[in-house]
Amino acid sequence: MAEISKTYNPREIEDKWYKYWIDNQYFRSKPNPNKEPYTIVIPPPNVTGVLHMGHMMNNTIQDVLTRKARMEGKEACWVPGTDHASIATEAKVVAMLKDLGINKNDLSREEFLKYCWEWTDKYGGIILQQLRKLGASCDWERTRFTMEPSLYDAVIDVFVDLHNKGDIYRGHRMVNWDPQAKTTVSDEEVIMKDVQQKLYYIRYEGEEGSVVIATTRPETIMADAAICVHPEDERYKHLIGKKVLIPLINREITVIADEYVSMEFGTGCLKVTPAHDQNDYALGQKHGLEIIDILTDEGKLNEKAVILVGEDRFVARKKIAKMLAESGNLVKEEDYKSTVGTSERTGAIIEPKISLQWFLKMKRLSEPALENVMNDTIQLIPPKFKNTYKYWMENVRDWCISRQLWWGHRIPAFYMPDGTCIVAKDKKSALKIAREKYQLYALSETDLTQDEDVLDTWFSSWLWPISVFDGFQDPDNEDINYYYPTNDLVTAPEILFFWVARMIISGYEYKGTFPFKNVYLTGIVRDKQGRKMSKSLGNSPDPIELIEKYGADGVRTGMLFSSPAGNDLPFDEKLCEQGRNFSNKIWNAFRLIQGWEVSPQSAIGSGRRSAQQSAGNKLALTWFRSKLNKVIAETLDHYSKFRMSDALMSTYNVIWDDLCSQYLEMIKPAYVDGKSLPIDQETYNATLEIFDELMRFIHPWMPFISEEIWQTIKTRAVNDSICIAEFPKGGEVNESLLADFELLFEIVSTVRNTRNAKQISPKEALPLAIKTDNQTRYESIADLIKKMANVSDIQYVTEKTNGMSFVIKGDELTIDLGENIDIEEEKAALQKDLDYIVGFKKSTEAKLSNERFVQNAKPEILEKERQKLIDAETKIKALEEALAKLG
RNA sequence: GGGAGUUUAGCUCAGCUGGUUCAGAGCAUCUGCCUUACAAGCAGAGGGUCACUGGUUCGAACCCAGUAAUUCCCACCA
């Protein structure tokens, strides 16, 4: 046996085993009718992204689930891939070009896309490489990308299909316009910020009387289409239907009435500016008002503003205020706190802007998606998310699927010279339609222009569980039939609506069934101050550095020690340290076993006497077997309920506490004359078997160290791996033996405690006397008591002997401390015990003498209480005797 | 403004049908140990009015109502 390092050294082995796994294709999956499929599709990270702590947690969970399923004999398939992430990637490319002095607007679409692809080729897949460091057991040959041809075509086909079904339409909508980036941004990329603003009170004169309105945006008065008051508002009833003049430009507008207006706020009069406010737009629609857009794409006033043309919106605001003051229309200014939307990318204040967009009708599509989550066909874990899901799905609005970007799936809509729109998968098909449907045979491809916009990123990722198996392009292929529906999805709750719900929708629409059975929602990884980890805050550790420092296994376990589903994880490097320490513990436990000299089992003719397995070793072995089986059952239960941290913790505890602290100490050969005695072959073999099983048990969490040790335990078949070894199933549990050992541990810890309190060295063996009616019970564990507690001798007595006494389970145990005895102290300790148990007995008696308790409580509870009383009485008797003996 | 969740040890969380062997775990802290696998360790210990107030019940961390703190989601009254 070669010298093994005293500490576990992950760096040396991780790359080695990962390569071994890949070379042997353990993660490769193909449809196998003889096996049950287990499938996970990865939430595709941004193609140009780098691994952050959220990915680490998320993907570790996926890997644990996948590895366990694989070991359970399922056909495990974890499909990796990346998302083109149109806005994020385009923003990065634009920024990169800017650094090179290139303006996106100076480029043609084709030129720009070329840069995007270059960028994707350069950075794409870094994140997938990083996942390998983590040990992710993805089937890398199945890696997909949302912009690759097959997936691109799927998106286009789905668009055309939904359009043909009448679910996709074009319509006006107020979008979030970023005047700096000159693009629309989605709602989720708008960050609301509290700002201190001014509320301007402005008087609009009219022949029948004037009104005063309150606004934070005086620069938009030139876009006003009406003044609105509440129909019941006595102050203004007489003005309804009358005209007033917009100050400065003297354009006439009408006073209208709508219940939307609150009488309490401001003056009770609202200026209606349909082009520049979401609610005003809705009001305008309702009342048929004119839409006057006075802003340019840069956020400057245009000709329609009549005055201050060319001024920036915020400059204009100040100037208008001043002009209004001069004209006498400004009644007053007030400080006012409100919120404004800002662009996540540029920080610019978002301008609501009317534009023509593509929409997907959601009502019909979302019905099965709502129903099947509510009836648990698809389970959300934790289930508390059902509430928010329900609310969202019941109030679902049509999905605006167009984006004013270039990087993405270009909308397959083609316009004829007269502006008529034809939706078709490509220009050729569009032309065919133009010719056949519109009889425009003279038309050629060059007469058709394609829509400039691309589709929302989610419009491709919502197809992911189907498209990764080519379920659109080849709907009846072997993969989709075998792997779909998938089993588990692991993702963040923030994208429950954007992504998860929509995948469920597309699943029912295109496959007629759910895309996955369980949705495990992770929390957010936060820093110690509770802040979300983000690049801009710089508070996120680099996962790869963590792996180098603590080992992949250490980081994996560290992240999952305490992160129940749906709960945020306040990350602390200490957790990784704990994970690393655990690796080390396992490593050293194995080193201990490796270091033992084994006595030959059969030494006939050798002249040497072979060591027999001692009764103590045999018993220890039987106990651990039972204990492990029990823990396996509990752990499997945790897994089945997706209590991942609990599953990890019970695995951690059985290794650290039951194996290392108890079992190994029990069977550890004695040390004589500076040399460890050999261990018997039988115990040695059985211990290696146990280790083998424990490595399989921990493998989903700690793939590297478990493989390393598993391979060292014995010579394995060529190309064998723990990855495909059997996950422990558990077995019989001998409860009475477990109870005996509980007694053993209690005695051992009592003796150790006493030693500690009396400052007696653990090396000094102490004699123990036991007064009991059940001597045989103690005899079976006597050897182990001696070894674990360093007891020199055990005597069974009928009268208390000299020494420190304790009552455990009604029996009296006395440790002979020789000179160290302090009668008063001992009496005090016994008295304390007695007081407690007497109080306990009293409360139990009170309960049992309560008629209503006896009548109402379940029989087993009643029985339990009666047993408690009997136990308490036994213990009291023993304690009293012990005390009496001391005088 | 609407909705949902959370509140248990210093920290992060369990506590699954209400039943004092149920007030727990891990980490942290403290005490004693370089004991012949591991100081990245060993043996121990301390620490909680289960947010607060009421109610239901023989019995409440658990069920109900209210209050407070806090988080998230949705909407965003000019």
Side-chain angles (χ1 to χ4, degrees), chain A residues 4 6-8 192 199-200 213-217 228 260-262 264-267 269-273 277-280 336 338-341 382 384-388 390-392 395 493-494 496-497 524 528 530 550 554 561-564 566-570 572 574-575 577-596 637 641 643 645-646 648-650 652-653 660-661 664-665 668 671 674-676 748-749 752-753 755-757 759 761-763 790 839-840 843-844 846-847 850-858 860-862 864-865 867-868 871-872:
Chain A
I4 315 178
K6 203 169 164 180
T7 49
Y8 169 61
M192 300 309 286
L199 195 55
Y200 299 89
I213 57 96
T215 181
T216 54
R217 302 202 60 189
C228 191
Y260 164 76
V261 178
S262 135
E264 289 76 37
F265 187 89
T267 59
C269 293
L270 170 72
K271 80 191 224 5
V272 186
T273 320
D277 183 277
Q278 190 91 40
N279 296 302
D280 291 12
Y336 182 66
S338 70
T339 54
V340 296
K384 68 177 179 185
F385 286 107
K386 274 169 84 174
N387 279 329
T388 28
K390 179 167 181 255
Y391 181 82
W392 191 75
N395 297 285
E494 307 131 63
L496 184 57
F497 311 137
I524 296 166
K528 272 189 272 184
Y550 299 104
F561 275 130
S562 187
S563 48
N567 274 38
D568 288 356
L569 171 70
D572 186 334
K574 282 242 149 137
L575 291 166
E577 208 174 294
Q578 192 188 343
R580 178 203 57 184
N581 294 354
F582 184 41
S583 311
N584 204 44
K585 186 73 185 176
I586 295 173
W587 185 251
N588 277 295
F590 185 59
R591 262 184 68 213
L592 171 69
I593 299 168
Q594 288 292 84
W596 285 336
D637 184 54
K641 290 169 181 153
R643 297 163 178 254
S645 294
D646 289 343
L648 171 60
M649 199 44 76
S650 58
Y652 175 89
N653 284 331
C660 296
S661 300
L664 290 179
E665 293 300 331
K668 202 170 176 178
Y671 203 76
K675 198 170 172 289
S676 170
V748 169
S749 93
R752 284 173 179 169
N753 245 333
R755 230 192 264 281
N756 235 349
Q759 311 260 7
S761 158
K763 286 177 191 164
N790 195 15
F840 178 76
S843 80
T844 311
K847 201 180 287 183
N850 182 334
E851 259 178 59
R852 305 185 68 173
F853 171 70
V854 177
Q855 274 169 13
N856 296 326
K858 279 181 264 177
E860 59 265 31
I861 300 293
L862 206 56
K864 242 184 184 173
E865 288 301 316
Q867 189 55 48
K868 272 189 226 163
D871 290 349

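Here is how names work: the chains are called A, B, and so on, in the same order as the sequence lines, proteins then strands, and each is numbered from 1.
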Separation of the [atom1] atoms in [N] and [M], to the nearest angstrom:
| N | M | atom1 | answer |
| --- | --- | --- | --- |
| B:C22 | B:C38 | P | 36 Å |
| B:G24 | B:C16 | P | 15 Å |
| B:G32 | B:U70 | P | 42 Å |
| B:A39 | B:U31 | C1' | 16 Å |
| B:C64 | B:A25 | P | 28 Å |
| B:U12 | B:G2 | C1' | 32 Å |
| B:A61 | B:G54 | P | 15 Å |
| B:A43 | B:C34 | P | 15 Å |

Pairs under 3.5 Å (N/O, protein and nucleotides 12-19 of chain B):
from, atom 1, to, atom 2, distance (Å)
B:U12, O2', A:S562, OG, 2.8
B:C13, OP1, A:D568, O, 3.4
B:G15, OP1, A:R643, NH1, 3.1
B:G15, OP1, A:R643, NH2, 3.4

* If you check the A:Y391 side chain, which of B:G5, B:C58, B:C74 turns out closest? ->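 That would be B:C74.
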Taking all atoms of both residues into account, what is the closest heavy-atom pair of [X] and [Y], and its distance?
| X | Y | answer |
| --- | --- | --- |
| A:S645 | A:F561 | CB-O, 3.5 Å |
| A:T216 | A:L199 | CG2-CD1, 3.7 Å |
| A:N790 | A:R755 | O-NH2, 3.1 Å |
| A:C228 | A:V261 | SG-CG2, 3.5 Å |
| A:A589 | A:L664 | CB-CD1, 3.9 Å |
| A:D280 | A:T273 | OD2-N, 2.7 Å |

Between [N] atom [atom2] and [X] atom [atom1], what is the distance in whole Å?
| X | N | atom1 | atom2 | value |
| --- | --- | --- | --- | --- |
| A:Q855 | B:C58 | CD | P | 10 Å |
| A:E264 | B:G1 | CD | C1' | 14 Å |
| A:N279 | B:C74 | CG | P | 17 Å |
| A:N790 | B:C33 | CG | P | 18 Å |
| A:D277 | B:A75 | CG | P | 15 Å |
| A:N653 | B:G24 | CG | P | 16 Å |
| A:R852 | B:U57 | CZ | P | 8 Å |
| A:F265 | B:G1 | CZ | C1' | 13 Å |

* To do: Could you verify whether a donor N or O on one side chain and an acceptor N or O on the other, from A:D871 and A:Q867, lie under 3.5 Å apart?
  =>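 There is such a pair between these side chains.
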* Sequence-distant partners of A:Y550, side chain to side chain donor-acceptor pair (under 3.5 Å), two or more places apart ->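 Expected list: A:E573.
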* To do: Have a look at A:T216 and say if it touches a base, only the backbone sugar-phosphate, or nothing, with a 4.0 Å heavy-atom cut-off.
  =>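 Touches sugar-phosphate only.
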* Identify, between A:S676 and A:G266, the residue whose nearest nucleotide on RNA chain B lies closer to the 5' end. =>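 In this pair, the answer is A:S676.
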* To do: With RNA chain B as reference, determine whether A:Y652 or A:V261 sits nearer its 5' end, using the nearest nucleotide of each.
  =>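 Taking each residue's closest nucleotide, the earlier one in sequence belongs to A:Y652.
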* Is a salt bridge present between A:K668 and A:E665, judged by a nitrogen-to-oxygen distance below 4.0 Å? ->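 The answer is yes: the pair qualifies as a salt bridge.
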* **Qualifying residues under ring pair (Phe, Tyr, Trp, His ring centres under 6.0 Å), relative to A:F582, sequence neighbours excluded** =>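 With sequence neighbours excluded, A:F582 shows a ring pair (Phe, Tyr, Trp, His ring centres under 6.0 Å) to A:Y652, given in chain and number order.
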Under 3.5 Å, N/O pairs linking protein and nucleotides 40-44 of chain B:
from, atom 1, to, atom 2, distance (Å)
B:A40, O4', A:N581, OD1, 2.9
B:A40, O2', A:N584, ND2, 3.0
B:A40, N3, A:R580, NE, 3.3
B:G41, OP1, A:N581, ND2, 3.2
B:G41, O3', A:K585, NZ, 3.1
B:C42, OP1, A:K585, NZ, 2.6
B:C42, OP1, A:W656, NE1, 2.8
B:A43, O3', A:R752, NH1, 3.3
B:G44, OP1, A:R752, NH1, 3.3
B:G44, O3', A:N753, OD1, 3.0
B:G44, O3', A:N753, ND2, 3.4
B:G44, O2', A:N753, OD1, 2.9

* Each stem that RNA chain B is part of, given as range with range (3 or more consecutive Watson-Crick or G-U pairs, under 3.5 Å) ->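 If one scans RNA chain B for consecutive Watson-Crick or G-U pairs, the stems found are B:1-7 with B:68-74, B:10-13 with B:24-27, B:29-33 with B:41-45, B:51-55 with B:63-67.
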* Kindly compute the distance separating CZ (A:F497) from CZ (A:F385), expressed to the nearest 0.5 Å. =>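 These two atoms lie 9.0 Å from each other.
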* **Atom pair CG/OG of A:N756 and A:S761 - distance to nearest 0.5 Å** =>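 So the gap between those two atoms works out to 10.5 Å.
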* May I ask you to verify if any side-chain N or O of A:R591 is less than 4.0 angstrom from the OP1 or OP2 atom of B:A37? =>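 The answer is no; no side-chain N or O of A:R591 sits under 4.0 Å from OP1 or OP2.
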* To do: Output all residues satisfying side chain to side chain contact (heavy atoms under 4.5 Å, CB included) with A:Y671, sequence neighbours left out; order by chain, then residue number.
  =>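 Side chain to side chain contact (heavy atoms under 4.5 Å, CB included) list for A:Y671, sorted by chain: A:S676.
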